[in-house]
Student: 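Take a look at this one; I'll ask things after.
Just so you know, these numbers come straight off a predicted model, no measurement behind them.
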Amino acid sequence: MTLKVYFEKQMRNVLRELGYSCDNPIVTISNRPEISDYQSNIAMSLAKVARKAPVQIAQDIVALLEKNSDFSKVSVDGPGFVNVSFSDEFLSQMPRFDKFSNKRIVIDYGGPNIAKEMHVGHLRSAIIGESIKRTMKFCGDEVIGDVHFGDWGTPIGMLIAQLQSEQSDLFSTESNINSFSMTIAEISDLYRRASARFKSDDDFKEQARIATFDLQKGNQLYRKLWKILRDKSVDSVKENYDKLDVIFDMWLGESDTNDLLSVVVDELLDKKIAQHSNGAIIVPMPDVNGKERAPLILKKSDGAYTYAATDLATIKQRQSDFSPDVILYVVDARQREHFEQVFTVARLGSFVDENVALEHIAFGTVNGTDGKPFKTRDGNVMNLKDLINLSEEKAAENIADNNVDDELQKQIRQIAIGSLKFQDLKNLRTSNYIFDTENFTKSEGKTGAYIQYAVARINSILEKVGQLNDPKKIKISHVLEREVMLQLHRFSEYLQQSYINREPSVLCDYLYGLSQKFSSLYAELPVNGEQNDELRNSRIFLLSLVKNTLEKGLNLLGIEAPERMSRRKI
Ligand code: ARG
C-alpha cells in the first residue's frame, strides 16, 4: 500500500466515524512539504452540505487522526486543510511496490517509413513508446510492441516510378531486379528526387499511383523490388533503434495487412458504413458539435488503399491475433484527426471488441532554438544518426579523462543516449520542446547525466565502504535521511501516475527529486565519518536503496546507468 493509499484509508475510517459519507477524501502530496507529507482537502467540500465551517470539520478529523501513532504530526492549516506527516518509525519500513495492472496491451510505436532515413521526428515516438512499454510491463501488463513499418503506401509507388524513369531496363527481366542493390543513403536520395517530382509533375504522379496500385495488387517484379528496398530500410532502422536501446517484439508493417484490406473495405460497404463516391470508397464522418468533417477515404479512385485503410485492417488483425485490452498509438499530435477517424470507423465496423480501448498517445514536436522544427546548421532536417553522433560528441566533451578506452567509450555512449532520452522525456509529452544542444549532456541541472552521476557516485561510495553488515535496517536519525526515505516510499505513487497518464515525465520528475535529495544527504552526512555502527549501517543500506530505485527508474525510461563515471568537467 502506498503512503497516499494508507492515508486515504485512515481518512475514510475517520470520516465514517464522524458520520460523513464520502468515498474520495481528496488526498494529495502536500504542497507545503516543510509542514507535512500529505494533505486532505475534504473539509472544504463537506462544509456546505454539513452546514459547518471547514475548520471545524477539519478539527474533528484531526482529533481522531491524532490517535494513530503512524502519524507524527497532524494539523489543521489555513481554511481547513488536514495535514499529516508520517512517523520516522513508519517511514523506516521497506518501501513496497505491488504490481497493480494485468492487461494485454499492444503498443504501436516507432513507425518509421521505408526509404526515408530516420530523422529527429522519429525520435519521440521511439523514446516515449519504449518508456511507456517498459513501465506497463513493470506494472504487471503483458505488452507487445510493434514497430508498424510504413511500407505500403504511395511513397513506395513513387520509388518504383522513379526507378522506372532512371533505370529503364531494370524492369525488363526478373534477374535485373534480383541483382538490384542500393545503400540506404542512395535509397533515400532516390526518394528525395521522387518526392520533388511527385509535387510538380502530374504525369509522374499518375505513374506513381499506378505503381502503388499494381504493387498492392501483386505485381511480382514490384513485390521483389519492394522487398529489397524494405529489407535495406529495416536494416538501417534497426541500427538506429539498437543504438537507442529501443526493442520491438514485432516488426510488422502496413504491408502485412494487404490481404485484409479488401475484406475490411467490403465489410464496411456491406454494413452500409462505407460508400462509393466518384470512384473512391469513403466513410462519411458524423458531424461533431455541429461541425462538418471530411470523409475518411479508404480506397482512392485509382484503386490504391490508403493509410487509413491499412490502420483499420491492422486493428482487425490485432484484435484477432492478440485480443488485447488496449491498443496504444504513440504518434505525433499532428495525426490526431487521422486517429479520431480511424477509431470511429473501427468501432462502427466492430473491428474490435467493445471494451478494447484505442488510444492515441500524442506528442509534440522537437524544435530548434528558433522555435521551428529542429534543423541542422545548413537548414536540413536533423537526421537521427547525426543527432546520436552529436550527443556522443557532447557527452565526450564533458569528460575530463583524455584516455578513451573501450569502457570509457561505452560510458560516453550511455551518457549520450541517456541525455538525449531524458531531455525528451522530461517534458510533458504533448508539449513541443526546444532541443538544447549545449547543456543536455551536462551532469548539472535536470539532465539524464545528473541522475546517472548520482548512481555512479553511490556505486563508488558502496565500493569504498565494503560489505554491508546485517541486519539490513533503516534507522532515521536526521531530517535528510527522512526526506530520502519519504521519496523512496513515493516511487510507486509516481509510477502509478506515470502509468495512468502515459506520461514518462512524471518519472523524470521523481528521479530528479530523488537524486537531489541524495546529493543533499551525502553532502551533509558522509557515510564514512559516522562512528555509530547502527547509523552507518543504516546509511549504507539507504544508499543502496536509492541506487536500486534510480537504476530501476532509469531503466523504465530506457536509460542505462553506467557502473562508474569518469571525472567530469561539469
Ligand atoms: N509511418 C507513419 C508516419 O510516419 C507513422 C505510423 C504510426 N502508426 C500507425 N499505426 N499509423 O507518419
Student: Between S125 (side chain only) and H122 (backbone N and O only), is there a donor and an acceptor less than 3.5 Å apart?
Tutor: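 Such a contact is absent between S125 side chain and H122 backbone.
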Student: Is it the case that the side chain of R336 and the backbone of A362 share a donor-acceptor pair, with hydrogens and angles ignored and the cut-off at 3.5 Å?
Tutor: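 Not a single qualifying donor-acceptor pair exists.
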Student: For residues D141 and Y499, is any side-chain donor paired with an opposing acceptor at under 3.5 Å?
Tutor: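 Yes - a donor-acceptor pair under 3.5 Å links their side chains.
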Student: Tell me whether the count of non-hydrogen atoms from other residues, nucleotides or ligands lying under 6.0 Å of CD in E337 goes above 12.
Tutor: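 For E337, atom CD is not crowded (no more than 12 foreign heavy atoms under 6.0 Å).
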Student: Give a yes or no on whether the backbone of P504 and the side-chain of S131 come within a donor-acceptor separation of less than 3.5 Å.
Tutor: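 No; judged by distance alone, with no hydrogens or angles, the pair does not exist.
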Student: Do F435 and N367 touch side chain to side chain, with heavy atoms closer than 4.5 Å?
Tutor: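 Side chain of F435 against side chain of N367, heavy atoms only: no contact under 4.5 Å found.
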Student: Between the side chains of S30 and S36, is a donor N or O closer than 3.5 angstrom to an acceptor N or O?
Tutor: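 Per modelled atom types, S30 and S36 side chains form a pair under 3.5 Å.
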Student: My understanding is that only one of R12, Q39, K4 makes a side chain to side chain contact (heavy atoms under 4.5 Å, CB included) with V27; could you say which?
Tutor: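 In the set R12, Q39, K4, the residue that makes a side chain to side chain contact (heavy atoms under 4.5 Å, CB included) with V27 is K4.
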Student: Whether R347 and E354 form a salt bridge (side-chain N of Lys/Arg under 4.0 Å from carboxylate O of Asp/Glu) is what I want to check.
Tutor: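 Salt bridge between E354 and R347, a charged N being under 4.0 Å from a carboxylate O: no.
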Student: Would you please name every residue forming a ring-ring contact (aromatic ring centres under 6.0 Å, His included) with F363, sequence neighbours left out?
Tutor: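 Partners of F363 by the ring-ring contact (aromatic ring centres under 6.0 Å, His included) criterion come out as none, since no residue qualifies.
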Student: Within this structure, what is the NZ-CD distance for the pair K137 and E142, rounded to the nearest 0.5 Å?
Tutor: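 Rounded to the nearest 0.5 Å, the NZ-CD separation comes out at 9.0 Å.
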Student: Ignoring hydrogens and angles, tell me if any N or O in the side chain of E130 forms a donor-acceptor pair with the backbone of I247 under 3.5 Å.
Tutor: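 The answer is yes, because a donor-acceptor pair under 3.5 Å joins these two groups.
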Student: Does the distance from a Lys or Arg side-chain N to an Asp or Glu carboxylate O, for D509 and K446, drop under 4.0 Å?
Tutor: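 A salt bridge is present here (some side-chain N lies under 4.0 Å from a carboxylate O).
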Student: Does the side chain of K517 reach to within under 4.5 Å of the side chain of L480, using non-hydrogen atoms?
Tutor: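 A side-chain contact under 4.5 Å is absent here.
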Student: Would you say CG of D23 has more than 12 non-hydrogen atoms from neighbouring residues, nucleotides or ligands within 6.0 angstrom?
Tutor: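 Counting neighbours around CG of D23, 12 or fewer heavy atoms of other residues, nucleotides or ligands fall under 6.0 Å, so no.
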Student: List for me each residue that meets side-chain contact (heavy atoms from CB on, under 4.5 Å) alongside K473, sequence neighbours excluded, and say none if there are none.
Tutor: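 Partners of K473 by the side-chain contact (heavy atoms from CB on, under 4.5 Å) criterion come out as none, since no residue qualifies.
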Student: Determine whether the aromatic ring centres of residues Y109 and F248 are separated by less than 6.0 angstrom.
Tutor: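 Aromatic pair counts; centres sit under 6.0 Å.
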Student: Show the numbers, then the answer: is there a side chain to side chain contact (heavy atoms under 4.5 Å, CB included) between E493 and Q497?
Tutor: CA-CA 6 Å; E493 282 169 32; Q497 202 58 44; over 6 Å; no
Student: Quick one, R318 and D146 - any side-chain contact, counting heavy atoms below 4.5 Å?
Tutor: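 Side-chain contact under 4.5 Å: yes.
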Student: Is the NZ or CZ atom of R539 positioned over F541's six-membered ring, under 6.0 angstrom from the centre and within 45° of the axis?
Tutor: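 Not satisfied by the 6.0 Å and 45° rule.
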Student: Between K442 and D436, is the closest basic N to carboxylate O distance under 4.0 Å?
Tutor: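 No salt bridge links D436 with K442.
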Student: Is there a donor-acceptor contact under 3.5 Å linking the side chains of Y450 and S515?
Tutor: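 Per modelled atom types, Y450 and S515 side chains form no pair under 3.5 Å.
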Student: Should the pair F518 and Y522 be assigned to parallel (<30°), tilted (30 to 60°) or perpendicular (>60°) ring geometry?
Tutor: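 Parallel: the ring planes of F518 and Y522 meet at under 30°.
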Student: Tell me, yes or no, whether the heavy-atom count around K9 atom NZ, taken from other residues, nucleotides or ligands under 6.0 Å, exceeds 12.
Tutor: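 Open: at most 12 neighbouring heavy atoms sit under 6.0 Å from NZ of K9.
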Student: Any donor and acceptor pair, going by atom type alone, linking the side chain of Q487 with main-chain N or O of Y510 inside 3.5 Å?
Tutor: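 Confirmed, Q487 side chain pairs with Y510 backbone.
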Student: Any sub-3.5 Å donor-acceptor pair from Y494's side-chain atoms to C508's backbone N or O?
Tutor: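 Looks like no, no N/O pair under 3.5 Å.
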Student: Just by distance, no angles: are the side chains of N83 and S75 close enough, under 3.5 Å, to form a donor-acceptor pair?
Tutor: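 Side-chain D/A pair, N83 to S75: absent.
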Student: Look at D77 together with R32 and state whether they make a salt bridge at an N to O cut-off of under 4.0 Å.
Tutor: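 A salt bridge is absent here (no side-chain N lies under 4.0 Å from a carboxylate O).
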Student: If only atom types and distance count, is the side chain of Q10 paired as donor or acceptor with the main-chain N or O of L65 below 3.5 Å?
Tutor: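 Such a contact is absent between Q10 side chain and L65 backbone.
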Student: Can you tell me if S520 and E524 form a side-chain donor-acceptor pair at under 3.5 Å?
Tutor: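 S520 vs E524: no donor-acceptor pair found between side chains.
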Student: Does the side chain of Q423 come within less than 4.5 Å of N439's, by heavy atoms?
Tutor: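 N439 vs Q423: side chains apart.
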Student: Distance-only, no hydrogens or angles: does the D353 side chain make a donor-acceptor pair with backbone N or O of N355 under 3.5 Å?
Tutor: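 It does not hold such a pair.
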Student: Using a strict 4.0 Å threshold on nitrogen-to-oxygen distance, state whether R124 and D332 make a salt bridge.
Tutor: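 No, R124 and D332 are not salt-bridged.
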Student: Are E66 and F71 close enough that some pair of their side-chain heavy atoms sits under 4.5 Å apart?
Tutor: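 SC-SC contact between E66 and F71 ruled out.
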Student: Is the terminal nitrogen or CZ of R490 (NZ for Lys, CZ for Arg) located under 6.0 angstrom from the six-membered ring centre of Y38 and within 45° of that ring's axis?
Tutor: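 Here R490 passes the 6.0 Å and 45° test against Y38.
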Student: Mark yes or no for whether H360, through its side chain, and E340, through its backbone, hold a donor-acceptor pair below 3.5 Å.
Tutor: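 No, H360 side chain to E340 backbone: no donor-acceptor pair under 3.5 Å.
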Student: Taking C-beta and beyond as the side chain, do T257 and K316 meet within less than 4.5 Å on heavy atoms?
Tutor: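 No, side chains not in contact.
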Student: Are side-chain heavy atoms of L488 and L542 found at a separation under 4.5 Å?
Tutor: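 Sidechains of L542 and L488: in contact.
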Student: For the backbone of V288 and the side chain of R293, can you confirm whether one donor and one acceptor N or O come within less than 3.5 Å of each other?
Tutor: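 No; judged by distance alone, with no hydrogens or angles, the pair does not exist.
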Student: Would F422 and F440 count as a close aromatic pair, with their ring centres under 6.0 Å?
Tutor: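 No, they do not, as the ring centres are separated by 6.0 Å or more.
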Student: Considering residues, nucleotides and ligands other than K103, do more than 12 of their heavy atoms fall under 6.0 Å from its NZ?
Tutor: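 Check fails, neighbour count at 12 or below.
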